[in-house]
Amino acid sequence: QVQLVESGGGLVQPGGSLRLSCAASGFNLDYYAVGWFRQAPGKPREGVSCISSSDGSTYYQDSVKGRFTISRDNARNTVYLQMDSLKPEDTAVYYCAADRLFLITALCSGVPGIEYWGKGTPVTVSS
């Protein structure tokens with residue numbers, strides 16, 4: 001079955017850390033750019049960070065630069081999002097997505113037609 005499955009979300013205090021995982025099954029993630037997106041209640045979905053398939057180039061939304069790190073482990077067919085120094089405004093459902101054709105700037109802008117999406121994992125940052 002072809003799918004992306006996110007995990008690692010949960011409740012964390014401000015200043016804490018979480019590591020999200022995006023595991024692919026049924027296809028080889030090596031050939032896909034992968035992005036992390038989030039959607040907070042009442043807000044549109046936004047691109048958080050993306051990583052290319054070819055040279056490992058990365059993109060980060062300004063609000064997460066220096067706090068979040070995206071990485072990929074091709075042996076495990078998985079992409080990670082390490083989130084440090086979390087803030088209440090990071091609270092959202094986090095989704096991963098993958099596409100074989102889009103560059104990371106396009107992917108992270110949320111262009112229509114992204115090939116695969118996961119179902120999301122919730123992250124709540126609260127004391």
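Note: hydrogens, waters and symmetry copies are ignored here, and every other heavy atom, side chains too, is used.
- For the pair Ser17 and Asp84, the tightest heavy-atom approach, listed with the atom from each and the gap, is OG-OD1, 2.7 Å.
- A search for side-chain contact (heavy atoms from CB on, under 4.5 Å) contacts involving Asn28 returns Asp30, Tyr31, Asn77, not counting sequence neighbours.
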- Report the C-alpha distance between Leu4 and Val34 in whole Å, list the side-chain angles of each, state the deciding distance to 0.1 Å, and finish with yes or no for side-chain contact (heavy atoms from CB on, under 4.5 Å). CA-CA 10 Å; Leu4 291 172; Val34 179; over 6 Å; no

- Task: Evaluate the criterion side-chain contact (heavy atoms from CB on, under 4.5 Å) for residue pair Gln13 and Val125; output intermediate values, then yes/no.
- Result: CA-CA 5 Å; Gln13 292 186 340; Val125 185; over 6 Å; no

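- Side chain of Glu6 to backbone of Cys96: a donor-acceptor contact under 3.5 angstrom is found.
- Remark: side-chain polar atoms of Arg100 are not paired, donor with acceptor, to backbone N or O of Leu29 under 3.5 angstrom.
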- Run the side-chain contact (heavy atoms from CB on, under 4.5 Å) check on Trp36 and Cys22 step by step: do they pass? CA-CA 9 Å; Trp36 284 98; Cys22 171; 3.5 Å; yes

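- Hydrophobic clustering, defined by side-chain heavy atoms of Ile, Leu, Val, Met, Phe, Trp and Tyr closer than 4.5 Å, leaves Leu11 isolated from every other such residue.
- Taken from SG in Cys108 to CD1 in Ile51, the straight-line distance is 10.5 Å, to the nearest 0.5 Å.
- Linking ILVMFWY side-chain heavy atoms closer than 4.5 Å, directly or via other members, places Leu101 and Val2 in two distinct hydrophobic clusters.
- In this structure, the side chains of Thr121 and Ser7 stay at 4.5 Å or more apart for every pair of heavy atoms.
- The backbone N or O of Ile70 sits less than 3.5 Å from a side-chain atom of Tyr60, completing a donor-acceptor pair.
- Put simply, Val64 and Leu81 are part of the same group of oily side chains (I, L, V, M, F, W, Y) that touch within less than 4.5 Å, one to the next.
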- Message: Working note: Asp90 + Phe68, criterion side-chain contact (heavy atoms from CB on, under 4.5 Å); need CA distance, chi angles, decisive distance, verdict.
- Response: CA-CA 11 Å; Asp90 295 317; Phe68 290 11; 3.9 Å; yes

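- No side-chain donor-acceptor contact under 3.5 Å links Arg76 to the backbone of Arg72.
- In this structure a side-chain-to-backbone donor-acceptor pair under 3.5 Å is missing from Ser21 to Gly8.
- Rounded to the nearest 0.5 angstrom, Arg19 CZ and Thr69 OG1 are separated by 11.5 Å.
- Taking the side chain as every heavy atom from C-beta outward, Gln39 and Tyr94 never approach each other to under 4.5 Å.
- Looking only at side-chain heavy atoms (C-beta outward), Ser126 and Pro88 stay at 4.5 Å or farther from each other.
- Thr78 and Asp73 share no side-chain donor-acceptor pair at under 3.5 Å.
- Residues Gly113 and Asp99 share a closest heavy-atom pair of O-OD2, 3.6 Å.
- Linking ILVMFWY side-chain heavy atoms closer than 4.5 Å, directly or via other members, places Tyr116 and Val48 in a single hydrophobic cluster.
- For Asp62, the side-chain contact (heavy atoms from CB on, under 4.5 Å) partners two or more places apart in sequence, or in a different chain, are Lys65.
- Evaluation of the side-chain hydrogen bond (donor to acceptor under 3.5 Å, both in side chains) test over residues 44-57, restricted to residues two or more places apart or in two chains, returns Arg38-Glu46, Glu46-Gln61, Ser52-Asp55, Asp55-Ser57.
- Here Leu107 sits in one hydrophobic cluster together with Phe37, Val93, Tyr95, Phe102, Val111, Ile114, Trp117; the rule is ILVMFWY side chains under 4.5 Å apart, joined directly or through other members.
- A pairwise comparison of heavy atoms in Gly35 and Cys50 identifies CA-SG, 3.5 Å as the closest pair.
- Take Lys119 and apply the side-chain contact (heavy atoms from CB on, under 4.5 Å) test, not counting sequence neighbours, and it matches no residue.
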